[in-house]
Amino acid sequence: MLQQMYGRVRQFVRAVTQHMGEADHAFVRANLPAKALPLFYAMHPADQVHACNVAYTARALAERHGLPEEQRAFLIRCALLHDVGRRKGDLDILGKVFAVLMMHYLPHASERLMEHEGRLGHALYVYRHHPAIGAALLREIGMAEEARIIERHHMTDAAGDRQVLRLLREADARN
């Protein structure tokens, strides 16, 4: 519990202090097709930084596990796109803090609040459903294989999960 709290505090500090540099933008452009760039850049800047950090971690994990180059590239694309369901204006940093705390400490109240219109209900809805939202956006641009991974990235591990999905989950958890 304490380690999870430390991780969330570290994630918050990174969100408010880190920014993407030119090397990060070059990494994104080198690893995403042009049709996916608008989705990436529609995310809140803090989510863009998070996605890059997840992708860097995923790349290291892929190398450590000896994934073939094609699978590495696929994993990096998935890492960069795993949170595209959370777009700028839908869920900012404080909205995410609110959603994390509500979902963890008041899950039943969160479910009821999601049913109501308004900013708080929308923030909770996006936080809970961003994998499915992102997967739908990716399917619209023809990235169905990435969509299959991304819509499952917050689900509990299952016996038939692909290695790419397991590594994405691990990279996301580390960031």
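In this chain, numbering begins with 1 at the start of the sequence shown.
Side-chain contact between V54 and L168: present, with at least one pair of heavy atoms (C-beta onward) separated by less than 4.5 Å. Side-chain contact between E70 and F74 is absent, with no heavy atoms from C-beta onward closer than 4.5 Å. Annotation: side chain of L81 is in contact with side chain of M143 (closest heavy-atom distance under 4.5 Å). C52 has its side chain within reach of F40: a pair of non-hydrogen atoms, C-beta onward, lies under 4.5 Å apart. A heavy-atom distance below 4.5 Å is found between the side chains of P33 and R77. Using a 4.5 Å cut-off on side-chain heavy atoms (C-beta onward), L75 and R59 make no contact.
The two residues A79 and A55 make their nearest non-hydrogen contact at CB-CA, 3.5 Å. Nearest approach of V126 to G85, heavy atoms of both residues: CG1-O, 3.7 Å. Listed here is the closest heavy atom pair of A171 and A58: CB-N, 3.7 Å.
Under the 4.0 Å criterion applied to side-chain N and carboxylate O atoms, R139 and E151 are assigned as salt-bridge partners. Between R169 and D161 a salt bridge is recorded (basic side-chain N to carboxylate O distance below 4.0 Å). By the 4.0 Å N-to-carboxylate-O rule, R174 lies close enough to E170 to be salt-bridged with it.
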Item to check | Check against side chain to side chain contact (heavy atoms under 4.5 Å, CB included), L124 and F98 | outcome: CA-CA 8 Å; L124 288 167; F98 167 77; 3.9 Å; yes

Checklist entry - Which is it for Y41 and V84 under the side chain to side chain contact (heavy atoms under 4.5 Å, CB included) test, yes or no, and what are the steps along the way? => result CA-CA 9 Å; Y41 286 110; V84 296; over 6 Å; no

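Between the OH atom in Y127 and the CD1 atom in I133 there is a gap of 13.0 Å [rounded to 0.5 Å]. Rounding to the nearest 0.5 angstrom, the gap separating the CG atom in L80 from the CG atom in L39 is 12.0 Å. From H44, atom NE2 reaches atom CG of D83 across 13.0 Å, with rounding to the nearest 0.5 Å. Rounded to the nearest 0.5 Å, atoms NZ (K35) and CD1 (I141) are 6.0 Å apart. H130 NE2 to H153 NE2: the interatomic distance, rounded to the nearest 0.5 Å, is 4.0 Å. For the atom pair OG1 (T57) and CG (N175), the distance works out to 4.0 Å, reported to the nearest 0.5 Å.
Looking only at distances, a side-chain donor or acceptor of R72 sits under 3.5 Å from a matching main-chain atom of L67. Using modelled atom types, no side-chain atom of D47 and backbone atom of M43 make a donor-acceptor pair closer than 3.5 Å.
Side-chain contact of Y56 with D24: a donor-acceptor pair under 3.5 Å is present, judged by distance alone. Side-chain contact annotation: H50 with D172, donor-acceptor N/O pair under 3.5 Å present.
I76 and L167 end up in different hydrophobic clusters when Ile, Leu, Val, Met, Phe, Trp and Tyr side chains are linked at under 4.5 Å.
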